[in-house]
Number of protein chains: 2
Amino acid sequence: MKTLNDLFLHMLKDVYHAEKQILRALPKMAKTVTAPELRKALELHREETLRQVERLEQVFELLDKRARGEPCEAMQGLIEEAKSVMEEAEAPEVIDAGVLAASQAVEHYEISRYGTLIAWATQLGLKDAVPLLTETLEEEKKTDRLLTDIAEKQINRKAA
Amino acid sequence: MKTLNDLFLHMLKDVYHAEKQILRALPKMAKTVTAPELRKALELHREETLRQVERLEQVFELLDKRARGEPCEAMQGLIEEAKSVMEEAEAPEVIDAGVLAASQAVEHYEISRYGTLIAWATQLGLKDAVPLLTETLEEEKKTDRLLTDIAEKQINRKAA
């Protein structure tokens with residue numbers, strides 16, 4: 001990696017792989033939780049993630065590169081944590097609180113990644129990539145706020 | 001893990017381990033980067049992290065538990081990503097941009113974790129834990145903003 005362009009492409013592949021990993025993990029997470037609002041939020045976020053993957057593919061196209069993922073160890077770790085909560089928590093309310101927290105950690109990872117990708121795309125003059133990445137960033141932030149809301153209004157109280 | 005208390009203690013151990021891992025990684029990251037402002041920010045954040053570890057130890061004390069970490073796979077993944085940027089990037093400006101981005105991913109992970117810990121501590125009535133965790137959360141947010149500032153004002157431009 002010699003240039004910011006190389007770094008941008010590297011992170012794009014990393015985020016592409018991360019989104020595909022979370023896409024595979026979300027149905028299990030949605031199925032495992034009990035609170036209907038949380039399940040719905042996870043299901044909706046899966047639909048959203050499908051579109052986010054498509055947007056990343058559009059960015060690859062803008063760069064004239066084939067969409068390809070590169071294993072993202074951070075996301076693997078985040079998903080492992082979500083899995084271990086689902087396995088180790090015994091009460092449904094506690095599973096819900098743990099899965100919700102794990103989802104927020106995933107959202108925050110993505111918020112930081114898309115923030116960086118937007119800054120680099122702007123610097124590199126990749127004008128058509130910026131709105132695509134910004135749309136996804138706003139969705140991730142919105143999902144994070146929705147999860148905070150669900151946690152505060154019910155999940156944490158039920159788990160306590 | 002049967003209760004929110006168990007989950008809180010589990011996440012406390014996870015974050016304690018994560019902070020100790022980043023504490024070990026920061027000196028190498030600070031030494032590897034070239035831009036003085038970024039190096040200074042990473043060195044200052046190391047000092048800050050020392051105090052954050054102490055605060056976590058105070059929270060363990062409030063719970064009457066021995067401070068003990070539990071391997072945090074997400075943070076391991078985040079640190080692996082920082083290491084791979086340091087190894088694979090060839091130009092100093094590109095290393096700086098990559099290390100800065102990796103540091104922001106770490107900050108965002110911590111922001112999500114402390115946010116959850118504060119919500120759970122509040123729900124559990126752990127009144128003395130809340131200000132300790134909030135002080136750290138504010139520091140993490142401040143560090144993230146400082147890194148964005150350094151990225152936008154110079155690092156990204158130099159790397160492009």
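Keep in mind that what you see is a predicted model, and the values were worked out from it rather than measured. Protein chains get the first letters and strands the later ones, always in sequence-line order, with residue 1 at the start of each.
- The CG atom of A/L23 lies 9.5 Å from the CD atom of A/E47; values are rounded to the nearest 0.5 Å.
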Show me, pair by pair, the donor-acceptor contacts under 3.5 angstrom made by side chains of residues 85-100 of chain B, not counting sequence neighbours?
unit_1 : atom_1 : unit_2 : atom_2 : d
B/D96  : OD1    : B/T34  : N      : 2.8
B/D96  : OD2    : B/T34  : N      : 3.3
B/D96  : OD2    : B/A35  : N      : 2.8

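- For chain A, the option among B/K158, B/Q104, B/K2 with the highest count of heavy-atom pairs below 4.5 Å is B/K2.
- For the set B/V106, B/L7, B/D14, B/N156, the entry with the most heavy-atom pairs within less than 4.5 Å of chain A is B/N156.
- Atom CE in B/M29 sits 5.5 Å away from atom CG in B/L26 (nearest 0.5 Å).
- The CZ atom of B/F60 sits 6.0 Å away from atom CG of B/L9, with the distance rounded to the nearest 0.5 Å.
- From A/L56, atom CG reaches atom CD of A/E61 across 12.0 Å, with rounding to the nearest 0.5 Å.
- Between B/F8 and B/T3 the shortest side-chain heavy-atom distance does not fall below 4.5 Å.
- From B/E43, atom CD reaches atom NZ of B/K40 across 9.5 Å, with rounding to the nearest 0.5 Å.
- Under the 4.5 Å side-chain heavy-atom criterion for ILVMFWY residues, a single connected hydrophobic cluster contains both A/Y16 and A/L137.
- Within residues 68-84 of chain A, the residues that have a heavy atom under 4.5 Å from a heavy atom of chain B are A/C72, A/E73, A/A74, A/G77, A/L78, A/E80, A/E81, listed by number.
- The structure places CD of B/Q52 at 9.5 Å from CG of B/L50, a figure rounded to the nearest 0.5 Å.
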*Any chance you could lay out the salt bridge (charged side-chain N to carboxylate O under 4.0 Å, His left out) test for B/R55 and B/E139, step after step, and finish with the verdict?*
CA-CA 12 Å; B/R55 277 184 218 121; B/E139 283 176 358; 3.0 Å; yes
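- A side-chain donor-acceptor contact under 3.5 Å links A/R39 to the backbone of A/V33.
- Within residues 140-154 of chain A, no residue approaches chain B closer than 4.5 Å by heavy atoms.
- Proximity to chain A (any heavy atom under 4.5 Å) is shown, for B/D6, by neither the backbone nor the side chain.
- For residues 108-135 of chain A, the interface with chain B (any heavy-atom pair closer than 4.5 Å) comprises A/H108, A/Y109, A/I111, A/S112, A/R113, A/T116, A/A119, A/W120, A/Q123, A/L124, sorted by residue number.
- A single hydrophobic cluster is not seen to contain both B/L4 and A/I155; linkage of ILVMFWY side chains at heavy-atom distances under 4.5 Å, directly or through other members, places them apart.
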